[in-house]
Amino acid sequence: MSIFLYYQEANINIIQEGAVKGLSPQDFQRLINSPEVIAIKVDGQLKDLSEITEINPEVPVEFITINSKEALHIYRHSASHILAHAVKELYKDANFAIGPSTDEGFYYDIDMSHTLSPEDLVQIEKKMTEIIKSNSPFVKKKLRRKDAIEFFKARQEPYKVELLQEINDDEVTIYDENGFIDLCRGPHISKTGRIKAFKLLSIAGAYWRGDEKNKMLQRIYGTAFFTKEELKAYLDYLEEVKRRDHRKIAKELDLFSINDDIGPGLILWHPAGAIIRKTIEDFWREEHIKADYQILYTPHIARLNLWQTSGHLDFYKDNMYSPMDIDDISYEIKPMNCPFHISIYKSSLKSYRQLPIRYAELGTVYRYERSGVLHGLMRVRGFTQDDAHIFCREDQLEQEILKILDFTIFILKTFGFSSYNIYLSTRPEKYVGSLENWQKATSALSKALDLKGLQYEIDQGEGVFYGPKIDIKIKDSLNRSWQCSTIQVDFNLPERFDITYRGSDGKSHRPIMIHRALMGSLERFFGVLTEHYAGAFPLWLSPVQAIVLTISEKVNDFAMEITNHLKQKNIRIELNNENEKIGFKIREATLRKIPYLVIIGEKEANDKVITIRIRNGNNMPPMTVEDFANLLTKQIINKE
RNA sequence: GCCGAGAUAGCACAGUAGGUAGUGCAGCCGAUUCGUAAUCGGCAGGUCGGGGGUUCAAAUCCCCUUCUCGGCUCCA
């Protein structure tokens, strides 16, 4: 997006978006000098402000202003150059790889002898501030590519040379910022002094070109904003992310743990986490039965042969654990549930009238994940998929996809996720199945999405080798995306297992198989849920839904009566009649994020009513325990 | 797996001229019976992740190892 600005006295007002023609030279100069203009597009070509000396009124120009995403990227990219400049000043042997802007900030990959520590970032920031203060211009220069190669060879910048060798153009551009010269397409801000707010955030290792066969470089992450306020807001956001970290909340609320003695990536569900999981599972099963799925249970291990037939030993071996021997026969712990479901399908002859058959299972699988990638519940080695396999006829495919989409969105909405990023992944270079089938399946997927009015992006060539897929990423309350749901068409397994159905023509036909998971894995979904709600789960999921707090021992009998009453109504209720002050009990219960606190004092005991304090700190008017039980029951049923 | 940083009581953390461990909360005991986010006092709790080495002496220095964290790569 770009915006045309109009100046009025010293102020600049936004009056129009898009490209304009016929600006007067005076207007043009004023705009170029405006602190709100970062770069310019002349006839659609992105340029530095410094490149333009005069204006042709016939040519449309667009000003890239600071409220656009494009401007922020340019700005951050310039900040990364300044970072590199500062590093070069401090560490003479530093060699530079790439330093792009990202959606969150920028980074630069550096190769040097000194190993960076967090304290070094302070020094680098200082140096950057000096460079910004010096307000030196970014000067763009054009070079013939081979001259540029010679130039960077002479400067002993091997990564730049390598990059240059892969550029196809004869001419390249470099930017000179007060002697710090970097290969760069640009554009850049006009002068370093325009950077108003930045911060270096972290150091990390990163492979040259992201390939683990290459040398590991040191990456410095940072971010930059147009104003200090925006930077502050972003840093606050990072704090909020930390505060909501499901690993931290899990400790506070005693939800789950991971224990060295058990093993990395293996989850122990504590009572509070387990009751939430059970509630999710019960809901899941009920809804699947309503949606005409059939629930299955299958073993955790199977003979190696099965995985040979399925092909997993060929294409999924890296993620599978070593086999174990039982009576001289090799068995493998399952990384997937599909072969089991197929075996159940095959256990009897199927008629076209029976299709579609929808098998669903909360199937626990084990996959080898490299030690460095494990992360709380989000990335584990043993997890339970809310898996289902649908066997259908070709003419049923589209209808089935539609049903799955509806079902997915219903389930996700129930958990409070109502905005998504959807991706349709198409045929990759290596694939099985006929082109015709791919074509049919892909159009069935896209047609279903269109019919539902769901916006999606196409991930060209990112499908699995056995079929196209739809991935649904949910957005949480901090607007972060999480991959959970996936719907995949499979042409491979029906062939490999030779599954068939008997058609109306009396002949054998090959069904189409759809793999789908809505929550993905219960572990990850629970982790996302925890962060989404910051541990304050909605009533129907809360481990303890209400707690009775007594003010003194005198009301113990009435409190017990209330507790028992609510327990009889299937409310997850606790009683705290310990000898503590009410303020302390409220604090304890609030920290546990219990939705409702039932406060019982002599007043309540005398009037036979209860006082309710809601999680947000507000009180409800006194009511009878029957009314309270009805209120909770209604909310639980409605999953409010 | 790779780069870097870590691991001290249930939890959060102190503890660098190397001289056999502290604080707060939680737990237990006692007192207090107190109306909306912490009442007071006492007690107990750790072979300082594990193994090896240097030293008269190691939480502290060195090596190995396991795990955790931030990334890279990969993924539900």
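Convention: sequence-line order gives letters A, B, ...; per-chain numbering from 1. Computed over heavy atoms, backbone and side chain alike; hydrogens, waters and symmetry mates excluded.
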Open item on the list: Let's see if you can work this out: which of B:C72, B:U39, B:C75 has an atom nearest to the side-chain heavy atoms of A:R524?
Closed with: B:C75
Open item on the list: Cation-pi check for A:Y423 against A:K473: NZ or CZ below 6.0 Å from the six-membered ring centre and within 45 degrees of the axis, yes or no?
Closed with: yes
Just the atom pairs and distances: protein N or O near nucleotides 4-13 of chain B's N or O, under 3.5 Å.
residue : atom : partner : partner atom : Å
B:A12   : OP1  : A:K251  : NZ           : 3.2

TODO: For RNA chain B, find the residues of residues 259-280 of chain A with a heavy-atom distance under 4.0 Å and give them by number; none if there aren't any.
DONE: A:D260, A:P264
TODO: Could you tell me the separation between the NZ atom of A:K581 and the P atom of B:U33, rounded to a whole number of Å?
DONE: 11 Å
Polar pairs (N or O, both sides) under 3.5 Å between protein and nucleotides 40-50 of chain B?
none

Task: Whole-angstrom distance between B:G35 and B:G42, as gauged at atom C1' - done: 29 Å
- [ ] For A:Y221, report the nucleic acid contact type (base, sugar-phosphate, nothing); a contact means any heavy atom under 4.0 Å.
- [x] sugar-phosphate
- [ ] Please identify each residue that fulfils side-chain contact (heavy atoms from CB on, under 4.5 Å) with A:M620, with sequence neighbours left out.
- [x] A:Y596, A:I612, A:I614, A:M623, A:L631
Task: Residues that A:P595 engages under side-chain contact (heavy atoms from CB on, under 4.5 Å), provided they are two or more places apart - done: A:L539, A:S542, A:R615
Task: Separation between the P atoms of B:U73 and B:G15, rounded to whole Å - done: 36 Å
Task: RNA chain B contacts made by residues 542-559 of chain A, counting heavy atoms under 4.0 Å - done: A:I551, A:S552, A:E553, A:K554
Open item on the list: Could you check whether A:K278 pairs with A:E281 (Lys NZ or Arg NE/NH1/NH2 to Asp/Glu carboxylate O, under 4.0 Å)?
Closed with: no
TODO: Ignoring the backbone of A:R219, work out which of B:C72, B:G70, B:A38 is nearest its side chain.
DONE: B:C72
Open item on the list: Could you check whether A:R76 makes a cation-pi contact with A:F225, meaning its NZ or CZ is under 6.0 Å from the centre of the six-membered ring and within 45° of the ring axis?
Closed with: yes
TODO: For the pair A:E531 (side chain) and A:H246 (backbone), establish whether a donor and an acceptor sit closer than 3.5 Å, ignoring hydrogens and angles.
DONE: yes
- [ ] Would you please classify the geometry between the A:H312 ring and the A:F315 ring as parallel, tilted or perpendicular, with 30° and 60° separating the classes?
- [x] tilted
Open item on the list: Would A:F383 count as stacking on B:A76 if stacking means ring centres less than 5.5 angstrom apart and planes tilted under 30 degrees?
Closed with: yes
Task: Close side-chain approach of A:R524 and A:M519, heavy atoms under 4.5 Å - done: no
Open item on the list: Between B:C2 and B:A59, how many Å separate the two P atoms, rounded to a whole number?
Closed with: 30 Å
Open item on the list: So, under a plain 3.5 Å distance rule, would you say the side chain of A:Y207 forms a donor-acceptor pair with the base of B:G1?
Closed with: yes
Open item on the list: Any strand counts, and the cut-off is 3.5 Å on both contacts for Watson-Crick or G-U wobble. Which nucleotide pairs with B:C67?
Closed with: B:G6
TODO: Using a 4.0 Å heavy-atom cut-off across all strands, classify A:G583 as base, sugar-phosphate, or nothing.
DONE: sugar-phosphate
TODO: Mark yes or no for whether A:Q545, through its side chain, and A:R572, through its backbone, hold a donor-acceptor pair below 3.5 Å.
DONE: yes
Task: Among B:C3, B:G1, B:G35, the one nearest A:E212 by side-chain distance - done: B:G1
- [ ] In whole angstrom, give me the gap between the P atoms of B:A26 and B:A17.
- [x] 33 Å
- [ ] Determine the Euclidean distance between corresponding P atoms of B:G4 and B:C43; express it in Å to zero decimal places.
- [x] 47 Å
Open item on the list: Need one value for A:D211: base, sugar-phosphate or nothing, where a base atom within 4.0 Å counts as base even if backbone is also close, heavy atoms only.
Closed with: nothing
- [ ] Between B:U60 and B:G10, how far apart are the C1' atoms? Round to whole Å, please.
- [x] 25 Å
- [ ] Give a yes/no answer on whether the side chain of A:H375 brings an N or O atom under 4.0 Å of OP1 or OP2 in B:U68.
- [x] no
- [ ] Ignoring hydrogens and angles, state whether a donor on the side chain of A:S477 or A:R244 is under 3.5 Å from an acceptor on the partner side chain.
- [x] yes
TODO: Would you check if there is a donor-acceptor pair between the side chains of A:E104 and A:Y234 at a distance under 3.5 Å?
DONE: yes
Task: Ion pair check, A:D211 and A:R209, cut-off under 4.0 Å - done: no
Task: All side chain to side chain donor-acceptor pair (under 3.5 Å) counterparts of A:E212, not counting sequence neighbours - done: A:R370
Open item on the list: Expressed as a whole number of angstroms, how long is the span from A:Y107:OH to B:C72:P?
Closed with: 9 Å
Task: A:Y366 OH - B:A76 C1' separation (whole Å) - done: 15 Å
Open item on the list: Between A:E252 and A:K248 (salt bridge meaning N to carboxylate O under 4.0 Å), is one present in this structure?
Closed with: yes
TODO: Please state whether the base of B:C74 and the side chain of A:R367 form at least one donor-acceptor pair under 3.5 Å?
DONE: no
Task: Length of the line joining A:Q218:CD and B:C72:C1', which is rounded to integer Å - done: 13 Å
Open item on the list: Taking side chain to side chain donor-acceptor pair (under 3.5 Å) as the definition, give me every residue that meets it alongside A:D476, ordered by chain and number, with sequence neighbours left out.
Closed with: A:R480, A:W482
- [ ] For RNA chain B, determine which residues of residues 473-486 of chain A have any heavy atom closer than 4.0 angstrom to one of its atoms, and list them numerically.
- [x] A:Q483, A:C484
Open item on the list: At 4.0 Å (heavy atoms only), tell me whether A:Y368 reaches a base, stays on the sugar-phosphate, or touches nothing.
Closed with: sugar-phosphate
Open item on the list: Output the rounded distance in Å from NZ (A:K213) to C1' (B:C3).
Closed with: 18 Å
Task: Nearest-Å distance once atom P is located in both B:U39 and B:U66 - done: 47 Å
Open item on the list: Looking only at side-chain N and O atoms, does A:H341 offer a donor or acceptor that is under 3.5 Å from a partner on A:T298?
Closed with: no
- [ ] For A:G520, answer base if it contacts any base atom (sugar-phosphate contacts may also be present), sugar-phosphate if it contacts only those atoms, and nothing otherwise; contact means non-hydrogen atoms under 4.0 Å.
- [x] sugar-phosphate
Task: Test side chain to side chain donor-acceptor pair (under 3.5 Å) applied to A:S117 - qualifying residues, sequence neighbours left out - done: A:E119, A:D120
Task: salt bridge (charged side-chain N to carboxylate O under 4.0 Å, His left out) partners of residues 575-586 of chain A, not counting sequence neighbours, each pair once - done: none
Task: Atom-to-atom span, NZ of A:K248 to C1' of B:U68 - whole angstrom - done: 17 Å
Open item on the list: Using atom P in both nucleotides, what's the gap between B:A38 and B:C25 to the nearest angstrom?
Closed with: 14 Å
Open item on the list: Could you tell me how far apart A:E369 (CD) and B:G1 (P) are, to the nearest whole angstrom?
Closed with: 12 Å
Open item on the list: Salt bridge check, A:E523 against A:R277: does any charged N sit closer than 4.0 Å to a carboxylate O?
Closed with: yes
- [ ] Indicate, with a heavy-atom threshold strictly under 4.0 Å, whether A:E523 touches base, sugar-phosphate, or nothing.
- [x] nothing
- [ ] Report the distance from atom CE of A:M216 to atom C1' of B:C3, rounded to the nearest whole Å.
- [x] 5 Å
- [ ] Could you list by number each residue of residues 586-610 of chain A showing a heavy-atom separation from RNA chain B of less than 4.0 Å, or answer none if no residue does?
- [x] A:I586, A:R587, A:T590, A:L591, A:I599, A:G601, A:E602, A:K603, A:E604
TODO: Could you tell me whether the phosphate oxygens of B:G1, OP1 or OP2, come under 4.0 Å of any side-chain nitrogen or oxygen in A:S371?
DONE: yes
Task: Close side-chain approach of A:P468 and A:F491, heavy atoms under 4.5 Å - done: yes
- [ ] State whether A:R247 places a side-chain N or O below 4.0 Å from either non-bridging phosphate oxygen (OP1 or OP2) of B:C69.
- [x] yes
